[in-house]
Amino acid sequence: MPTHSRSIVLSAALLIAFSASAHAQSSDPAWLDNLSSQLAVQEDCAVEYYLNIREGNLAGRLTFEARAQCADGRQFDGSLIEPAEEFTISECGVQVC
């Protein structure tokens with residue numbers, strides 16, 4: 001196969017792989033629905049979007065963390081360490097350095 005053709009095939013393959021990866025990252029994890037529901041009930045927060053979405057493992061237990069941006073401008077951090085069923089929620093305030 002000529003070098004130019006290989007380059008086109010490689011570029012197409014990378015584009016497809018990148019598109020699939022971007023799509024996978026853009027879909028929210030299911031646990032964010034639970035956090036949204038809890039924020040709506042406890043804090044009267046209509047979540048517009050999430051920042052700093054993280055999933056991890058702490059001493060063999062799954063952990064979930066995210067910062068929620070509410071429609072009214074407030075932000076909340078939510079975290080959960082399994083086997084807990086509810087998120088620990090704290091409001092983000094103004095920080096002074």
Side-chain angles (χ1 to χ4, degrees):
M1 182 183 295
T3 303
H4 178 69
S5 296
R6 274 188 266 160
S7 177
I8 291 172
V9 170
L10 180 60
S11 295
L14 289 173
L15 181 60
I16 290 168
F18 178 75
S19 296
S21 172
H23 176 68
Q25 291 175 358
S26 68
S27 58
D28 289 335
W31 57 267
L32 287 179
D33 292 339
N34 296 341
L35 180 54
S36 292
S37 297
Q38 189 176 335
L39 283 166
V41 170
Q42 287 183 352
E43 304 294 342
D44 194 30
C45 169
V47 177
E48 285 191 331
Y49 58 89
Y50 285 99
L51 304 162
N52 303 328
I53 299 169
R54 290 184 288 235
E55 297 179 8
N57 193 312
L58 178 64
R61 298 185 298 174
L62 295 177
T63 62
F64 306 93
E65 299 177 81
R67 176 166 291 173
Q69 174 70 44
C70 305
D72 62 10
R74 295 177 297 154
Q75 289 186 343
F76 292 91
D77 284 335
S79 63
L80 182 143
I81 301 173
E82 289 189 336
E85 294 182 12
E86 287 196 347
F87 285 85
T88 301
I89 296 173
S90 58
E91 186 169 8
C92 301
V94 177
Q95 294 181 351
V96 179
C97 294

Inset, instruction - Would you mind listing every disulfide bond (SG atoms under 2.5 Å apart) that reaches into residues 43-76, with sequence neighbours excluded? - result: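 Every disulfide bond (SG atoms under 2.5 Å apart) pair that includes a residue of residues 43-76, provided the two are not neighbours, is C45-C70.
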Legend entry - Pair listing, salt bridge (charged side-chain N to carboxylate O under 4.0 Å, His left out) test, anchored in residues 33-55, at least two apart: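 Residue pairs passing salt bridge (charged side-chain N to carboxylate O under 4.0 Å, His left out), neighbours aside: R54-E65.
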What residues, two or more places apart in sequence or in another chain, satisfy side chain to side chain donor-acceptor pair (under 3.5 Å) together with [X]?
| X | value |
| --- | --- |
| Q75 | Q69 |
| Y49 | none |
| D77 | R67 |
| N57 | none |

Legend entry - Partners passing salt bridge (Lys or Arg N to Asp or Glu O under 4.0 Å) against R74 (at least two apart in sequence or in another chain):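 If we apply the salt bridge (Lys or Arg N to Asp or Glu O under 4.0 Å) test to R74, skipping adjacent residues, the hits are D72.
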Inset, instruction - With sequence neighbours left out, write down each residue that passes side-chain contact (heavy atoms from CB on, under 4.5 Å) with L32, or none if nothing qualifies. - result: D28, P29, L35, Y50, I53, A66
Legend entry - Residues that S37 engages under side-chain contact (heavy atoms from CB on, under 4.5 Å), provided they are two or more places apart: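 If we apply the side-chain contact (heavy atoms from CB on, under 4.5 Å) test to S37, skipping adjacent residues, there are no hits.
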Inset, instruction - Give every residue pair that meets the side chain to side chain donor-acceptor pair (under 3.5 Å) criterion with at least one member in residues 85-94, sequence neighbours excluded. - result: none
Legend entry - Point-to-point distance, once rounded to the nearest 0.5 Å, from CZ of F87 to CD of Q42: 11.0 Å
Legend entry - With sequence neighbours excluded, residues passing ring-ring contact (aromatic ring centres under 6.0 Å, His included) with F64: W31
